[in-house]
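Read through the structure below, which is laid out as structure tokens, and then see the notes.
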There are 2 protein chains.
Amino acid sequence: MTREHPGNPVVLTPAAREVLRGFSRNSAAGFAPGADANLGACPVRDVLARVGDKWSLLILVALSEQPRRFSALQREVGDISKRMLTQSLRMLERDGLVSRQVFPTKPPSVEYALTSLGEAALVPVAGLLHWASGAHEQIRAARAAYDALEG
Amino acid sequence: MTREHPGNPVVLTPAAREVLRGFSRNSAAGFAPGADANLGACPVRDVLARVGDKWSLLILVALSEQPRRFSALQREVGDISKRMLTQSLRMLERDGLVSRQVFPTKPPSVEYALTSLGEAALVPVAGLLHWASGAHEQIRAARAAYDALEG
DNA sequence: GCCAATAGGTCTAGATATGAGACCATATCG
DNA sequence: CGATATGGTCTCATATCTAGACCTATTGGC
């Protein structure tokens, strides 16, 4: 874990830097304390609210191959409770990332599928996961080192 | 929000699909109930635990321009409590994404900076944010539509 | 000399989110 | 007649987060 010298970015591309710079001051800094009314309208916060939802990304990934029914989705994700699955799906549906279709079987079955917006979201998500699988070894090593020192 | 026909992906590139396919069955499916001991070792879960930490990404972005001290970081992020800032920074440090350096001023000041691993993480994160800012309008529209129908 | 301020935290209490699992409706199968 | 399947909802116990008081040590102002 070498420390970068400020102003000497080795890894981040100029383009990526540009994107980040746009977000950096998007919230915070310069508000009177308590006047944060517009944090909710900030796109970054908005995504992070969805991404930071622990289950949402997992659900999107589970739907990436094919549409799935509620119970299949629960099996696929593995350790999500019905409660949270329902709740997360509702949010994803509300945000237009996932569609919900009820089939009038008895008992009725419900199929969830990605919308085109949901498919589009998976592109950057795939990038993230791809990075993750590559970095996982390094992260595990860093953790081991940290734990050895600081308990 | 058009619904995609299964097997007819318009948006997701073959490469991205490949990545996702690798993760899709990574957990769940096929375990006896309660035998999910290895979910913790799964790279996807690992990233999502960090990404899903609401604050971690925000902190990484706040550090993307330059190293910052604790209190500067708190101002930059805007609405994070000291408690969560400390906690998130510890995790990021443990995972090797952020470095922590104490300067022996009085009172001592502490500077946090991205490691090279942290810089690398920002590449896919920037991709995500970039997508987010483009999709934000669509998401807001979808929300409005949903709320109009389903209250 | 004394009091306030500063930096970076920690600790505690009250609010909020989550997880496990019981419960529901309804029709079909044995 | 009773068990089963599907997609939820509801309740309660637990985990996590927020707000904010408090702590350490030193320095600057008066």
Side-chain angles (χ1 to χ4, degrees), chain A residues 27-28 31 33-36 39-40 45 48-59 62-63 67-94 98-113 150-151, chain B residues 27-28 31 33-36 39-40 45 48-59 62-63 67-94 98-113 150-151:
Chain A
S27 49
F31 291 131
D36 50 5
L39 282 184
R45 299 307 185 108
L48 293 188
R50 201 67 35 250
V51 157
D53 194 24
K54 186 182 177 183
W55 299 117
S56 298
L57 281 193
L58 245 18
I59 292 172
L63 287 175
R68 285 183 199 277
R69 301 208 327 226
F70 187 87
S71 45
L73 216 35
Q74 187 175 20
R75 272 192 304 276
E76 177 82 10
V77 172
D79 55 350
I80 189 174
S81 64
K82 281 181 170 190
R83 189 184 189 285
M84 290 316 291
L85 182 54
T86 302
Q87 187 173 309
S88 304
L89 282 170
R90 288 284 136 78
M91 303 220 107
L92 290 170
E93 190 195 355
R94 185 168 105 100
V98 155
S99 68
R100 176 177 183 274
Q101 191 177 3
V102 182
F103 293 97
T105 56
K106 303 292 182 174
S109 58
V110 179
E111 191 180 81
Y112 291 92
E150 331 248 345
Chain B
S27 48
F31 291 132
D36 50 3
L39 281 185
R45 299 305 185 112
L48 293 189
R50 201 65 38 248
V51 158
D53 194 22
K54 185 181 178 186
W55 299 117
S56 298
L57 281 192
L58 244 19
I59 292 173
L63 287 174
R68 284 183 200 278
R69 300 205 329 220
F70 187 87
S71 45
L73 216 35
Q74 188 176 20
R75 272 192 305 277
E76 176 83 9
V77 173
D79 56 349
I80 188 173
S81 65
K82 283 179 168 188
R83 190 184 189 285
M84 289 316 290
L85 183 55
T86 302
Q87 188 174 309
S88 304
L89 282 170
R90 288 284 136 77
M91 304 220 106
L92 290 171
E93 190 194 356
R94 185 168 105 101
V98 156
S99 69
R100 176 177 184 275
Q101 192 177 4
V102 182
F103 293 98
T105 56
K106 303 290 181 172
S109 58
V110 179
E111 191 180 81
Y112 292 91
E150 332 247 344

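Here is how names work: the chains are called A, B, and so on, in the same order as the sequence lines, proteins then strands, and each is numbered from 1.
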>> Run the side-chain contact (heavy atoms from CB on, under 4.5 Å) test against A:Ala49 and tell me which residues pass, sequence neighbours left out.
In response: none
For residues 52-59 of chain A, tabulate all N or O donor-acceptor pairs below 3.5 Å that involve a side-chain atom, not counting sequence neighbours.
from, atom 1, to, atom 2, distance (Å)
A:Asp53, OD2, A:Ser56, OG, 2.9
A:Ser56, OG, A:Arg50, O, 3.4

>> For nucleotides 16-30 of chain C, give me one character per nucleotide, 5' to 3': B if any protein heavy atom sits under 4.0 Å from the base, S if the only such contacts are to the sugar-phosphate, - if neither.
In response: --BBB------S---
>> Once side-chain contact (heavy atoms from CB on, under 4.5 Å) is applied, do any residues pair with A:Arg90, and if so which ones, sequence neighbours excluded?
In response: A:Thr86, A:Glu93, A:Arg100, A:Tyr112, B:Tyr146
>> If I take atom CG from residue B:Leu73 and atom CZ from residue B:Arg75, how far apart are they, to the nearest 0.5 angstrom?
In response: 10.0 Å
> Quick one: B:Gln74 CD to C:dG8 C1', roughly how many Å, whole number?
Replying inline: 10 Å
> Which heavy atom of A:Arg68 sits nearest a heavy atom of A:Leu63, and at what distance?
Replying inline: N-CD2, 3.7 Å
> For C:dT10, does OP1 or OP2 lie under 4.0 Å from any side-chain N or O of B:Arg90?
Replying inline: yes
>> So does B:Ile80 get a backbone contact from the side chain of B:Gln74, meaning a donor-acceptor N/O pair under 3.5 Å?
In response: yes
> Taking only residues two or more places apart in sequence, or in another chain, which ones meet B:Arg69 in a side-chain hydrogen bond (donor to acceptor under 3.5 Å, both in side chains)?
Replying inline: none
>> How many whole angstroms separate atom CZ of B:Phe103 from atom C1' of C:dA7?
In response: 14 Å
>> Using whole Å, what does the distance between atom P of nucleotide C:dT6 and atom CZ of B:Phe70 come to?
In response: 16 Å
> Does anyone know the first and last nucleotide of DNA chain D in reach of chain A, 5' to 3', at under 4.0 angstrom to a heavy atom?
Replying inline: D:dA5 to D:dT11
> Where is the tightest heavy-atom contact between A:Leu89 and A:Phe70, given as atom of each residue plus distance?
Replying inline: CD1-CD1, 4.0 Å
>> Between the opening five pairs and the closing five pairs of the helix from C:dG1-D:dC30 to C:dG30-D:dC1, how far apart are the helix axes, to 10°?
In response: 20°
